[in-house]
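First up is the structure itself, then whatever we jot down about it.
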Amino acid sequence: MGVVRGGGADGAAHQIAYFLRELAATEPGRRASAVKGLGRVGRWAAAYEDVVADVREAVLRAAQDPAAVVRAGAADALGRLGPVGGEGAAAVVVALMGDPDGGVRRRASLAAERLALEGPDVVGAFRRLMSDDSDWHLRLNGLLGVTRREGAPDPTVLIRLLGDTGTHVWGQARTALYPLLRQGPVREQVLHTARQGRGLSRARALDMLPSKDLDRLRGSLVEGLRDECPAVRGMAASKLSGDRSSRTVDAILSALAAETDAEAARRMLHTLGWWGEERALPLAVRWLDHPHPGSTAVWALARIDTPEAWEWIRTVVVSGPGPEPVPGRGHPGVRDAAATALGERGDARTTELLLPLLHDPDERIRRGAVRGLMELGRHRLRRRRRRPVVEALLGLLTTDEAILPHTRDALSNYPEALPAVRQLIDHPSDEVRAVVVSLLDVDEDGDVRLLLGHLHDPSESVRYQALYGISRYVDTYGELPDAADRAGLLGELKALAHGPYSSVTSFNIRLTAGRILDKLKVEGKA
């Protein structure tokens with residue numbers, strides 16, 4: 001006889017007696033707690049048949065309680081009791097799956113899964129849950145319950161569930177529907193929904209279809225730009241990106257001019273920007289003051305690539321909070337995108353626009369300015385243009401920890417900054433030292449010695465960057481760098497790669513050490 005929580009048979013009997021008394025309480029909450037308690041204790045005490053004899057009847061009576069919370073507790077208890085619930089438990093659980101209360105139906109569906117119930121009545125109950133409009137959990141439970149017992153439901157049901165508002169429901173339906181698209185009749189149903197469906201079902205059917213099917217939908221896609229559902233309008237614009245006919249361009253321009261939904265506008269802007277359609281310029285400007293599609297509007301203006309478009313982008317970059325309705329004002333994400341776009345363009349005048357933003361109180365603005373300067377560094381600017389950027393980035397390196405990774409990436413495009421960066425190799429900040437070590441040049445003997453010297457830095461992040469630098473050296477030269485004890489270095493790498501995880505050997509360090517050893521084996525140097 002096994003040991004049961006609560007002190008064996010006597011403890012179980014004591015707990016069961018307590019819960020049985022609580023079932024007579026007037027408060028529904030106490031009765032619900034009692035019946036759930038009977039389910040837990042009854043499962044633990046299943047070996048003591050005489051002790052649990054009254055549990056089954058008490059739980060089945062609770063399943064008829066006028067209070068929904070008690071019936072939900074009974075469903076939970078029946079799922080936990082298993083064989084203790086008796087042969088009639090399955091029928092009670094199925095009945096509770098049709099209870100008027102959604103919470104009861106939800107608990108009963110979980111109980112049916114826990115008990116692994118089978119049969120046409122169970123499948124029918126799960127099918128009814130798929131149409132439940134009160135709780136997306138119930139629709140998902142219904143879909144999963146039917147799928148586990150019969151495989152994927154009828155494609156018509158899955159297509160209907162594509163329009164569900166519950167992300168997990170329509171996502172599961174789409175997952176089940178994808179393999180069925182190889183069947184001609186199913187593909188035709190999806191195509192029909194993409195042409196003539198309503199709302200989210202149509203939008204998601206469009207999203208599922210491969211590009212080879214889009215030629216059959218050109219007319220309906222153009223018509224979809226005027227659909228009452230914003231998701232359909234936006235998806236239609238995205239799917240039309242491969243058709244730059246005058247009719248299609250005019251239709252998207254007209255749709256964007258009338259659009260009020262931010263996501264639909266973002267998709268239309270993306271398609272027009274992909275084409276570099278100059279007539280979209282005033283429409284893109286209109287959306288610059290919206291945080292969601294504003295970044296895409298900036299991207300579209302950069303693709304349009306006219307002097308007027310770039311002037312608007314510069315206006316966005318320098319716009320700060322104020323009373324005037326300037327496009328892009330007050331939305332750091334949009335200004336971030338504008339700063340990056342200007343940097344990618346490589347216009348030297350961008351330096352004067354971005355440097356003042358490095359001291360903006362909003363972290364996103366500073367980050368955008370740094371990203372713009374990073375992109376600017378890829379271009380061959382005159383030294384007098386690059387010098388103030390290097391000085392500003394070096395200042396940020398030790399003063400603005402919030403955007404340190406972005407500053408590091410920007411400095412990597414300004415190799416002339418490396419001598420000043422090396423001077424910070426012993427900075428008290430672990431994060432700054434890690435950035436400095438990550439920027440060292442493996443083609444410089446002095447820098448390689450610095451990498452070797454920081455393999456035992458007190459900071460794990462610094463040690464990792466030093467080890468990663470050694471990895472870059474090995475990738476370049478196919479061997480370990482010269483060290484006072486190269487054999488000892490190889491042994492240390494083996495210890496890091498194969499030793500247990502600890503505060504010294506993190507996952508990244510272990511992975512990088514193993515990568516170095518693999519490279520050395522390929523080169524025959526391990």
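Only heavy atoms go into these numbers, but all of them, side chains included; no hydrogens, no water, no symmetry mates.
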Check: So, do Arg139 and Thr165 sit near enough that their side-chain heavy atoms are less than 4.5 Å apart?
Finding: yes
Check: Side chains of His331 and Arg335: closer than 4.5 Å at any heavy-atom pair?
Finding: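 The answer is no; the side chains never approach within 4.5 Å.
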Checklist line | Arg266 NZ/CZ over Trp287 ring centroid, <6.0 Å and within 45° of normal | finding: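 Judged by the rule (NZ or CZ under 6.0 Å from the ring centre, within 45° of its axis), Arg266 is not positioned above Trp287.
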Checklist line | Trp274 six-ring face occupied by Arg303 cation (under 6.0 Å, within 45°) | finding: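 Yes, Arg303 sits over the ring of Trp274.
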Margin query: Looking at Ser109 and Arg106, would you say the former's side chain and the latter's main chain have a donor-acceptor pair under 3.5 Å?
Written below: yes
Output yes when [X] and [Y] qualify as a salt bridge under the 4.0 Å nitrogen-oxygen rule, no when they do not.
{"X": "Asp261", "Y": "Arg233", "answer": "no"}
{"X": "Glu460", "Y": "Arg463", "answer": "no"}
{"X": "Lys239", "Y": "Asp213", "answer": "no"}
{"X": "Glu375", "Y": "Arg345", "answer": "no"}
{"X": "Asp362", "Y": "Arg366", "answer": "no"}
{"X": "Arg127", "Y": "Glu150", "answer": "yes"}

Check: Going through the checks in order, is the salt bridge (Lys or Arg N to Asp or Glu O under 4.0 Å) test met by Glu113 and Arg149?
Finding: CA-CA 10 Å; Glu113 291 287 29; Arg149 287 159 178 80; 3.1 Å; yes
Checklist line | Full working for salt bridge (Lys or Arg N to Asp or Glu O under 4.0 Å) between Arg433 and Asp457 | finding: CA-CA 10 Å; Arg433 289 202 311 282; Asp457 192 277; 2.8 Å; yes
Check: Rounded to the nearest 0.5 Å, what separation is found between the OH atom of Tyr414 and the CG atom of Leu393?
Finding: 6.5 Å
Note to self: I'd like to know whether CD of Glu352 has more than 12 heavy-atom contacts from other residues, nucleotides or ligands below 6.0 angstrom.
What the structure shows: yes
Next item on the list: Could you go through the side-chain hydrogen bond (donor to acceptor under 3.5 Å, both in side chains) check for Glu363 and His406 one step at a time?
Entry: CA-CA 11 Å; Glu363 177 185 325; His406 302 282; over 6 Å; no
